[in-house]
K.L.:
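Pasting in a structure now, in structure tokens, and then I'll have a few things to ask.
Heavy-atom basis, side chains included; hydrogens, waters and symmetry copies ignored. Order of the sequence lines sets the chain letters (A, B, ...), proteins ahead of strands, with each chain counted from 1.
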Protein chains: 2
Amino acid sequence: MSETDVPVALPESANDPQASVYEMIREDIISARLQPNARLKVADLATAYGTSTNPVREALQQLRGEGFVVMEPNRGARVVAIDEDFVRDIIEIEMLIEPALTRWFVTIAADTDIADLEASQAEIEALNFADPRQHGELDTRFHQLIYDRHYNRHAAELWWKHREILRAISRRFPTSLSRRQAVLREHRELIEAIRAQDADRAASVVARHVEGSGRHIIEQMGVAKRNGARRSGG
Amino acid sequence: MSETDVPVALPESANDPQASVYEMIREDIISARLQPNARLKVADLATAYGTSTNPVREALQQLRGEGFVVMEPNRGARVVAIDEDFVRDIIEIEMLIEPALTRWFVTIAADTDIADLEASQAEIEALNFADPRQHGELDTRFHQLIYDRHYNRHAAELWWKHREILRAISRRFPTSLSRRQAVLREHRELIEAIRAQDADRAASVVARHVEGSGRHIIEQMGVAKRNGARRSGG
DNA sequence: AACGAATGGATCATACATTATTTTGTAATT
DNA sequence: AATTACAAAATAATGTATGATCCATTCGTT
């Protein structure tokens, strides 16, 4: 058997009969049920997800366009390696884009917008990280309130794409206590800066927020990797 | 017939028998042979490009991932409108990314790198915009010397994707004399800043370069649109 | 206007053909 | 015996063809 030729680790996110093949494969990549560098054989996937090969082929193309899958001509598809570099790359791009999107929001934010942000933040604080998955959704919604308002749909969609990847990765790891505190603090600080119409401050808070998020994810990935290596005998 | 239901304007970029369906459709979208908002019917495309439907469907998924095509469930694909907003969106993102990539290059550039840049610039000046297409290639190569060195492959690939779109659009329009001068001037200035290890200056030159490029494209698009409207009776 | 049939076309399911890659087996060479 | 070279077989990607099903729009009727 070759290098990382994962032995058909039956994916089985095929619970939701509503989900498309694309969504299921994507979910399985993100949740690491389909491991990094695993070969994605069309026929295997088709049987695993209970469809024909046609939808699988299209799903793989789509996933390639979104960066979840890499393909070589005549050699098929593989799961992209979501490693520290991958996260760092995305975070660096977000550290450029999110502050820019935030600046625009500061210039157009009305009282109702700020009220929405506060309501969203209140939900986050009420949940208090009890459910990682739900926290991820609330946190995403908080930032979405800011970025969805931007006229640059390309940039907003780029954020969304990156966000979904990062959220999915984060879901696999616990959030440290210090990171929890930082998240809440930075959110409050961001709302303050927006209320004060201080674009520079808002932008710098966001940059710090994104960087901290990335740093935390990468640290957690390192922890997981070390643990994984230790128990990889089973 | 519905709104923009382009009447099967036989694409026919099917000259190159080597090119994949994906490449041909992409080329036809970029060169506006497939017009904005045109419906992309799988069966039509298959016959037009001389393939079966399967490769077409896969190509469309890929193009969707790259933003050339928009799809609605059960309603198929359409060519995305490459209008002023589209260009502005991309340019704004590039105005964030390219300066950042450039800063890194300044920190690692060796004498040979600068020599490469100068050689590339010499080629550009020798051609002196005689062939728009070739100029586009040389100009792309010039910037590629800088960006390909970056460790952030995601960012570099994002640049490349955007670059190809912009280059293709530019090819449709002439370059004004003032823009030609600005391009040459800014390239030289960039080389100077890199040689002087002045990251700030290099970054600001690049930002200006990108912005000017976008402004020029958008102006030319406006000219073309007005001309097109006038002769749209034929 | 409301409703149901007819249509066009996307999407999905199969089956098969073709081609490129990888593996495997065998023989020749060192 | 180990290594290299190469042919044959297996594997899997890619392309073709065809029919079924589902969805959205159009059209005719009430």
K.L.:
Of all residues at least two apart in sequence or in a different chain, which pass the side-chain hydrogen bond (donor to acceptor under 3.5 Å, both in side chains) check with B/Arg149?
P.N.:
B/Asp113

K.L.:
Report yes if a side-chain nitrogen or oxygen of B/Arg39 is closer than 4.0 Å to either non-bridging phosphate oxygen (OP1 or OP2) of C/dG9; otherwise report no.
P.N.:
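B/Arg39 to C/dG9 OP1/OP2: no side-chain N or O under 4.0 Å.
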
K.L.:
Tell me: OH of A/Tyr22 to C1' of C/dT11, nearest whole Å?
P.N.:
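Roughly 17 Å, once rounded to whole Å.
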
K.L.:
Residues in side-chain hydrogen bond (donor to acceptor under 3.5 Å, both in side chains) with B/Gln61, at least two apart?
P.N.:
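Applying side-chain hydrogen bond (donor to acceptor under 3.5 Å, both in side chains) to B/Gln61 gives none.
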
K.L.:
Show the atom names and distances, to 0.1 Å, of all donor-acceptor pairs under 3.5 Å that link a side chain in residues 96-103 of chain B to residues at least two apart or in another chain.
P.N.:
from, atom 1, to, atom 2, distance (Å)
B/Glu98, OE1, B/Tyr147, OH, 2.6
B/Glu98, OE2, B/Trp159, NE1, 3.4
B/Thr102, OG1, B/Glu98, O, 2.7
B/Arg103, NH1, B/Asp200, OD1, 2.8
B/Arg103, NH2, B/Asp200, OD1, 3.4

K.L.:
Whole angstrom is fine here: how far is it from CG in A/Leu40 over to P in D/dA12?
P.N.:
13 Å

K.L.:
Tell me, which pairs form a salt bridge (Lys or Arg N to Asp or Glu O under 4.0 Å) where one or both residues lie in residues 150-161 of chain B, sequence neighbours left out?
P.N.:
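Qualifying pairs: B/Asp148-B/Arg153.
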
K.L.:
Send over the distance from B/Leu60 CG to C/dG9 C1', rounded to a whole Å.
P.N.:
13 Å

K.L.:
Who pairs with A/Phe142 by ring-ring contact (aromatic ring centres under 6.0 Å, His included), at least two apart in sequence or on another chain?
P.N.:
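ring-ring contact (aromatic ring centres under 6.0 Å, His included) list for A/Phe142, sorted by chain: A/His187.
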
K.L.:
Verify the distance criterion only: is there a donor paired with an acceptor across the side chains of B/Ser120 and B/Arg141 at less than 3.5 Å?
P.N.:
no

K.L.:
Please encode protein proximity along nucleotides 14-24 of chain D as a string of B, S and -, counting only heavy-atom distances under 4.0 Å.
P.N.:
BBB------SS

